[in-house]
Student: 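My structure is below; once you've seen it, I'll send some questions.
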Amino acid sequence: MPEKDLIEELRWRGLIHQVTDEPGLKKLLDSQPQTIYIGFDPTATSLHVGSMMQLMLLRRFQQAGHRPIALVGGATGMIGDPTGKSEERNLLSGEQLQANIAGVEAQMRQFLSFEGDNAALLLNNFDWMKGYSYLEFLRDVGKNFPVGTMMGKESVRARLGSDAGLSYTEFSYMLLQAYDFVHLCREHGCLIQAGGSDQWGNVTAGIDLARRMLGKQVFGMTAPLLTTSDGRKMGKTESGAVWLDRQRTSPYAFYQYWFNVSDDDVMKCIAYLTEIEREEYDALAEMTASDPGRNTAQKRLAEWMTQFVHGEDGLNSALKASKTLFGGEIEAMDDAMLNEIFADVPSQEMAREALSGEGLWVVEAFQQAGLAKSGGEARRAIKDGGAYINNQRVTDMNRHLVESDLASETVMVLRKGRKNYALLRFSR
RNA sequence: GGGGGUUUGCCCGAGUGGUUAAAGGGGGCGGACUGUAAAUCCGCUGGCUACGCCUACAUUGGUUCGAAUCCAAUAGCCCCCA
């Protein structure tokens with residue numbers, strides 16, 4: 001029996017957007033451990049922070065004693081969910097899909113426990129769809145889908161009204177996802193599907209299908225989408241999505257993303273994405289209101305998230321990098337430390353000889369490092385006091401850099417302005 | 001097919017023969033302030049080892065001591081007549 005009231009917990013975190021039958025669902029969850037599933041689209045080899053919310057949702061169910069199923073859409077991914085998409089999607093190639101599924105699966109393992117009584121399951125709907133013949137599918141599943149109802153779904157209507165139109169393939173997407181629910185219900189006793197609020201149409205389609213095909217009542221719930229206070233989707237930066245894969249988004253960049261969440265959004269993120277408890281949450285909310293300048297909540301959010309996704313060492317390197325990049329002196333460093341701290345920073349190789357003799361002229365160095373497009377731009381930066389070598393302001397236009405200006409064995413750290421870093425590497 | 005207009009730096013937009021590398025605004029980049037925020041204020045914003053030189057106002061050629069500014073041709077855009 002679950003020790004804490006899960007629905008209550010989800011409620012205060014704001015994770016419940018819509019539920020098909022809340023009293024019924026509550027009774028079900030209280031009676032005995034249940035199985036719940038959420039589907040994930042394998043559109044890339046890594047998950048991004050948008051999917052993290054769903055994974056945390058599954059995790060919360062698991063911690064309350066239920067069994068989570070993370071369903072990777074190997075089959076549905078071949079079709080493409082038209083929900084919220086303004087245009088027909090390009091189909092992913094088979095190999096691409098395989099690679100994506102492998103990458104995504106690996107990441108899911110750190111969110112869910114695959115051991116114990118309520119071990120999570122990782123399934124791929126391709127496994128049961130691949131052998132299904134078209135004729136059989138139409139007879140079993142298609143027969144139970146009134147076109148009138150399908151036409152009423154928001155995802156379909158939106159596209160039919162637009163110039164982009166909707167192909168038969170994407171129109172059929174709903175059937176596939178609905179059938180997943182029936183399959184999981186039959187094979188794994190799964191009675192609950194969750195998802196983002198944009199999935200409401202697909203979720204309810206599955207519930208209808210289960211009633212028609214199995215004569216069973218199953219349940220659906222959706223979580224709100226992770227959006228900023230001005231309505232945009234979270235997890236996007238100018239340079240693209242924020243990924244969970246450290247190859248795509250370094251721990252430092254990941255940490256910074258959360259650190260920079262606005263005051264308006266920070267508490268929501270903590271509630272949705274972390275396991276920070278009510279008591280601490282309230283304290284942080286209070287701090288944000290009374291002393292926003294300290295960024296207490298942002299700091300806590302960034303720490304929690306980075307530690308959870310990238311582990312202790314990931315967090316440490318993110319913290320060290322942040323400390324160094326925002327003001328710290330750079331001296332007595334070694335190459336390894338610098339490479340770690342400046343993992344995201346562009347670098348240029350230069351010949352070691354440039355530092356010998358007269359040395360390398362700073363103006364030239366800033367150009368070489370890519371921080372200035374021309375000598376004039378570099379000169380201006382220096383004149384304005386916006387040029388730094390190893391985080392120390394350059395004041396002399398005619399300064400020449402020599403070996404003693406290296407921050408470590410082979411690296412020199414250049415900076416223009418507050419945040420623009422570049423490295424020059426002088427390998428031997 | 002005939003007539004008229006327009007073309008300026010990253011963008012918008014002044015400038016109609018002589019301190020014009022070209023007003024003003026936007027954007028961008030720095031600096032100060034701040035909370036790694038927002039707002040605000042200040043500076044910079046063609047190139048060059050640089051108080052000078054070079055290249056620039058659609059393109060090419062011309063007039064002139066001197067042109068973004070005048071002329072001609074070409075191209076793009078816009079409008080009117082047929």
Side-chain angles (χ1 to χ4, degrees), chain A residues 227-232 234-239 242 249-270 283-306 315-330 341-346 350 354-355 357-402 413-422:
Chain A
T227 53
T228 60
S229 51
D230 49 356
R232 287 167 307 154
M234 281 201 70
K236 289 261 198 290
T237 64
E238 309 82 66
S239 48
V242 178
T249 302
S250 72
Y252 163 72
F254 188 82
Y255 179 90
Q256 285 296 321
Y257 178 78
W258 298 111
F259 191 100
N260 286 312
V261 165
S262 78
D263 294 348
D264 294 337
D265 297 321
V266 65
M267 293 319 296
K268 191 167 67 182
C269 288
I270 289 176
L284 289 170
E286 156 58 24
M287 294 287 277
T288 299
S290 64
D291 190 5
R294 282 180 171 282
N295 287 339
T296 315
Q298 279 89 341
K299 224 171 270 175
R300 183 73 176 102
L301 172 68
E303 271 168 28
W304 197 94
M305 295 291 287
T306 310
L315 173 61
N316 283 336
S317 74
L319 286 173
K320 198 160 69 179
S322 300
K323 207 173 134 200
T324 305
L325 264 59
F326 291 96
E329 291 278 302
I330 300 177
I341 292 171
F342 294 101
D344 299 320
V345 163
M350 287 200 72
L355 296 178
E358 204 191 15
L360 176 67
W361 186 35
V362 267
V363 170
E364 175 72 13
F366 273 85
Q367 273 189 91
Q368 286 291 333
L371 290 176
K373 285 195 281 292
S374 66
E377 198 176 321
R379 282 161 184 273
R380 263 174 254 132
I382 295 168
K383 188 157 62 72
D384 294 344
Y388 305 79
I389 299 284
N390 302 330
N391 271 358
Q392 290 189 307
R393 182 172 280 173
V394 176
T395 48
D396 177 11
M397 187 79 74
N398 293 312
R399 178 165 167 196
H400 282 68
L401 302 167
V402 293
V413 181
L414 312 204
R415 187 179 117 207
K416 183 167 84 90
R418 199 82 189 87
K419 291 183 184 176
N420 301 309
Y421 281 89

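Quick note: numbers below take in every heavy atom, side chains included, and nothing from hydrogens, waters or symmetry partners. Sequence lines set the chain letters: A, B, ... in the order given, protein chains first and strands last, and positions in each chain run from 1.
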Student: Please measure how far the P atom in B/rU7 lies from the corresponding atom in B/rC70, and state the result in whole Å.
Tutor: 11 Å
Student: Got a donor-acceptor pair under 3.5 Å from the side chain of A/Asp384 to the base of B/rG31?
Tutor: no
Student: If you measure only the distance, is there a donor-acceptor pair under 3.5 Å linking the side chains of A/Ser322 and A/Gln256?
Tutor: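 A/Gln256 and A/Ser322 do have a side-chain donor-acceptor pair below 3.5 Å.
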Student: Is A/Arg393 near enough to B/rA32 that one of its side-chain N or O atoms lies under 4.0 angstrom from OP1 or OP2?
Tutor: yes
Student: Go through the side-chain N and O atoms of A/Asn420 and A/Arg415 and say whether any donor and acceptor fall under 3.5 Å apart.
Tutor: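 A/Asn420 vs A/Arg415: no donor-acceptor pair found between side chains.
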Student: In whole angstroms, how far is the C1' atom of B/rG31 from the CD1 atom of A/Ile382?
Tutor: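 Rounded to the whole Å, the gap is 15 Å.
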Student: Is A/Gly386 touching bases, backbone alone, or none of the nucleic acid, heavy atoms closer than 4.0 Å?
Tutor: sugar-phosphate
Student: Can you tell me how far C1' of B/rG35 sits from CG of A/Asn260, to the nearest Å?
Tutor: 10 Å
Student: If we ignore angles and hydrogens, is there a donor and acceptor under 3.5 Å between the side chains of A/Tyr255 and A/Asn260?
Tutor: no
Student: Pairing check on B/rU64: which nucleotide meets the Watson-Crick or G-U wobble criteria with it, both distances under 3.5 Å?
Tutor: none
Student: Give the rounded distance in Å between these two atoms: CE of A/Met397 and C1' of B/rC44.
Tutor: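 To the nearest whole Å, that distance equals 12 Å.
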Student: Does B/rU69 have a Watson-Crick or wobble partner in any strand here, with both distances under 3.5 angstrom, and which is it?
Tutor: none
Student: Rounding to an integer number of Å, can you tell me how far A/Arg379 CZ sits from B/rU45 C1'?
Tutor: 16 Å
Student: Could you check whether the side chain of A/Asp263 and the base of B/rG35 have a donor-acceptor pair of N or O atoms closer than 3.5 Å, going by distance alone?
Tutor: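 Checked by distance alone, the answer is yes.
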Student: How do A/Ser262 and A/Glu377 order along RNA chain B: which one's closest nucleotide is nearer the 5' end?
Tutor: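 That would be A/Ser262.
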Student: Can you check the distance between B/rC42 and B/rU63, where both ends of the measurement are the C1' atom (answer in whole Å)?
Tutor: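 Here B/rC42 and B/rU63 have their C1' atoms 47 Å from each other.
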Student: How is A/Ser374 classified with respect to the nucleic acid when contacts are heavy atoms under 4.0 Å: base, sugar-phosphate, or nothing?
Tutor: sugar-phosphate
Student: Rounding to the closest angstrom, what is the interatomic distance between B/rU19 and B/rA72 at atom P?
Tutor: 25 Å
Student: Both distances under 3.5 Å, Watson-Crick or G-U wobble: report the partner of B/rC77, or none.
Tutor: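 Base partner found: B/rG5.
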Student: Please report the distance, rounded to the nearest Å, between CD in A/Gln367 and P in B/rG46.
Tutor: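 So the two atoms are 15 Å apart, to the nearest Å.
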Student: Just call it for A/Gln298: base, sugar-phosphate, or nothing, with non-hydrogen atoms closer than 4.0 Å on any strand.
Tutor: base
Student: Counting side-chain heavy atoms from CB outward, which of B/rA37, B/rG31, B/rC48 is closest to A/Lys419?
Tutor: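 The nucleotide sitting nearest to the side chain is B/rA37.
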Student: Using the C1' atom on both, measure B/rG26 against B/rU45 and round to a whole Å.
Tutor: 13 Å
Student: Please tell me if the side chains of A/Leu360 and A/His400 come closer than 4.5 Å, counting only heavy atoms from C-beta onward.
Tutor: no
Student: Just call it for A/Gly376: base, sugar-phosphate, or nothing, with non-hydrogen atoms closer than 4.0 Å on any strand.
Tutor: base
Student: Between B/rG47, B/rC29, B/rU36, which nucleotide has the shortest distance from any of its atoms to the side chain of A/Asn420?
Tutor: B/rC29
Student: Report the distance from atom CD of A/Gln368 to atom P of B/rU49, rounded to the nearest whole Å.
Tutor: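 Whole-Å distance recorded here is 12 Å.
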Student: Who does B/rU16 pair with, Watson-Crick or G-U, both distances under 3.5 Å?
Tutor: none
Student: Nearest to the A/Phe326 side chain among B/rU49, B/rU36, B/rC48, which nucleotide is it?
Tutor: B/rU36
Student: Starting at OG1 of A/Thr395, measure out to NZ of A/Lys383 and round the result to the nearest 0.5 Å.
Tutor: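 Reported to 0.5 Å precision, the distance equals 14.5 Å.
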Student: Taking the side chain of A/Pro292 as its heavy atoms from C-beta onward, which of B/rG43, B/rG35, B/rU49 lies nearest to it?
Tutor: B/rG35
Student: To the nearest Å, give me how far apart CG (A/Asp344) and P (B/rU36) are.
Tutor: 20 Å
Student: What nucleic acid atoms does A/Arg294 come within less than 4.0 Å of, heavy atoms only: base, sugar-phosphate, or nothing?
Tutor: nothing
Student: Partner lookup for B/rC44, please. Criteria are Watson-Crick or G-U wobble with both distances under 3.5 angstrom; report none if nothing qualifies.
Tutor: B/rG28
Student: Work out how far the P atom of B/rG9 is from that of B/rC57, and round it to whole angstrom.
Tutor: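 Roughly 9 Å separates the two P atoms.
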Student: Which part of the nucleic acid, if any, lies within contact of A/Gln256, taking any heavy atom under 4.0 Å across all strands shown: a base, the sugar-phosphate backbone alone, or nothing?
Tutor: base
Student: Using atom C1' in both nucleotides, what's the gap between B/rG15 and B/rU20 to the nearest angstrom?
Tutor: 9 Å
Student: Would you indicate, yes or no, if B/rG47 has its OP1 or OP2 atom less than 4.0 angstrom from a side-chain nitrogen or oxygen of A/Arg380?
Tutor: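 For B/rG47, OP1 or OP2 has a side-chain N or O of A/Arg380 closer than 4.0 Å.
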Student: Quick one: CG on A/Asp265 to CH2 on A/Trp258, what's the gap to the nearest 0.5 Å?
Tutor: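 With rounding to 0.5 Å, CG (A/Asp265) is 10.0 Å from CH2 (A/Trp258).
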Student: Grab the CG-C1' distance between A/Leu319 and B/rU36 for me, whole Å please.
Tutor: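 Taking atom C1' of B/rU36 as the reference, CG of A/Leu319 is at 14 Å.
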Student: With rounding to the closest Å, how many angstrom separate the C1' atoms on B/rA67 and B/rU55?
Tutor: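 So the two C1' atoms sit 16 Å from each other.
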Student: So, OP1 or OP2 of B/rG31: does either fall under 4.0 Å of a side-chain N or O from A/Tyr388?
Tutor: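 Looking at the OP1 and OP2 atoms of B/rG31, one of them is under 4.0 Å from a side-chain N or O of A/Tyr388.
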Student: Rounded to the nearest 0.5 Å, what separation is found between the NZ atom of A/Lys268 and the CG atom of A/Leu301?
Tutor: 12.5 Å
Student: Rounded to the nearest 0.5 Å, how far apart are CZ of A/Arg380 and NZ of A/Lys416?
Tutor: 9.0 Å
Student: Could you give the distance separating B/rU59 and B/rG76 at their P atoms, to the nearest angstrom?
Tutor: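 Their P atoms lie roughly 15 Å apart.
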Student: Between A/Gly293 and A/Trp361, which residue's closest nucleotide on RNA chain B lies nearer the 5′ terminus?
Tutor: A/Gly293
Student: Among the nucleotides B/rU49, B/rC44, B/rG30, which one has an atom lying closest to any side-chain atom of A/Lys416?
Tutor: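 Among B/rU49, B/rC44, B/rG30, the one nearest the side chain of A/Lys416 is B/rG30.
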